[in-house]
**Q** 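Could you have a look at this structure, given as structure tokens, before my questions?
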Amino acid sequence: MKIGFITLFPEMLAAVTDYGVTGRAIKNGLLSLQSWNPRDFTHDRHQTVDDRPYGGGPGMVMKTEPLSDALAAARQALPKARVAYLSPQGRPLDQAALSELATREEWILLAGRYEGVDERLLQAEVDEEWSIGDYVLSGGELAGMVMIDGVARLLPGVLGHAQSAVEDSFVDGLLDCPHYTRPEDYRGEQVPEVLLSGDHERIRRWRLKQSLARTWERRPDLLDRVTLNKEQQELLAEYISEQTS
Ligand SMILES: CN1CCN(C(=O)c2nonc2N)CC1
């Protein structure tokens, strides 16, 4: 997957290019990330990238020409790419959306700063808007990098079998089960004996029951969005009856 990133702060992208799963994906040629900085497309002495909002009010808006020229340069490099803008007004990002996005060959992310981008530019040049949550950040860069991380994990070959995204929580729409590692006794608390049993089928069912239980307890809204199979229904019913008996 080839990603273009329009940002005033390209240095921030080191968080995904230089570390972890995304850094390895880039190093292994499974993902590429190229940035364009609107400041490089200014023509005034002060390299101005913001402008005052029509109608007055607080804050500034991203200056349209440098943004549009940076986008044009990105499109030249990534002619097949859809352009996505990050904003609280966008479609909420979830695991299903990441799965959709992971099928793309090319993608351009536009990270806004200040109060955002001229609506006419969004209408003319942006194909989709995405939000990583109902809160306000100081820019779109961190949101864009969240999307890159979530998509990268789903690209073929990025995660080895040991880290398979298939077993990730949310892949089945449920919260993750609890995890344990050494020591067996941590401040007087023991590891659940099932995890020491070596009985893989029993462990699988225990983990699934724990995922269902946590989802029921902490995010019942997620259960409205998934269709539980017979085993999942039985395990959840078992847990609920244990809680109410
Ligand atoms: C102009 N700028 C405003 C702040 N912003 C966000 O809060 C955001 N982006 O994606 N999900 C979000 N929430 C990015 C864009």
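Counting starts at 1 for both ligands and their atoms, following the listed order. Reckoned from all heavy atoms, side chains included, excluding hydrogens, waters and symmetry mates.
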**Q** Which ILVMFWY residues can you reach from V136 by hopping between side chains whose heavy atoms are under 4.5 Å apart?
**A**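 So far as hydrophobic clustering goes, V136 is joined with none.
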
**Q** Which side chain to side chain donor-acceptor pair (under 3.5 Å) pairs, counting each pair once, include a residue from residues 41-50, with sequence neighbours left out?
**A**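 As it turns out, the side chain to side chain donor-acceptor pair (under 3.5 Å) pairs with a partner in residues 41-50, which skip direct neighbours, are D44-T48.
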
**Q** If we count only N and O atoms by modelled type, under 3.5 Å, do the side chains of S131 and Q89 hold a donor and an acceptor together?
**A**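 No, no side-chain donor-acceptor pair sits under 3.5 Å.
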
**Q** Present, as a list of atom pairs with distances to 0.1 Å, all nitrogen or oxygen contacts under 3.5 Å between ligand 1 and the protein.
**A**
unit_1	atom_1	unit_2	atom_2	d
ligand 1	7 (O)	Y135	O	3.2
ligand 1	7 (O)	L137	N	2.8
ligand 1	9 (N)	S87	N	3.4
ligand 1	10 (O)	S87	N	3.4
ligand 1	11 (N)	I132	N	3.0
ligand 1	13 (N)	G133	O	3.1
ligand 1	13 (N)	Y135	O	2.9

**Q** Can you tell me how far the CG atom of L208 sits from the CG atom of L174, to the nearest 0.5 Å?
**A** 7.0 Å

**Q** If only side-chain N and O atoms count, and only distance matters, is there a donor-acceptor pair under 3.5 Å linking Y239 with E217?
**A**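 Note: E217 and Y239 side chains meet the donor-acceptor criterion.
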
**Q** Partners of L137 by side chain to side chain contact (heavy atoms under 4.5 Å, CB included), sequence neighbours excluded?
**A** I132, Y135, A143

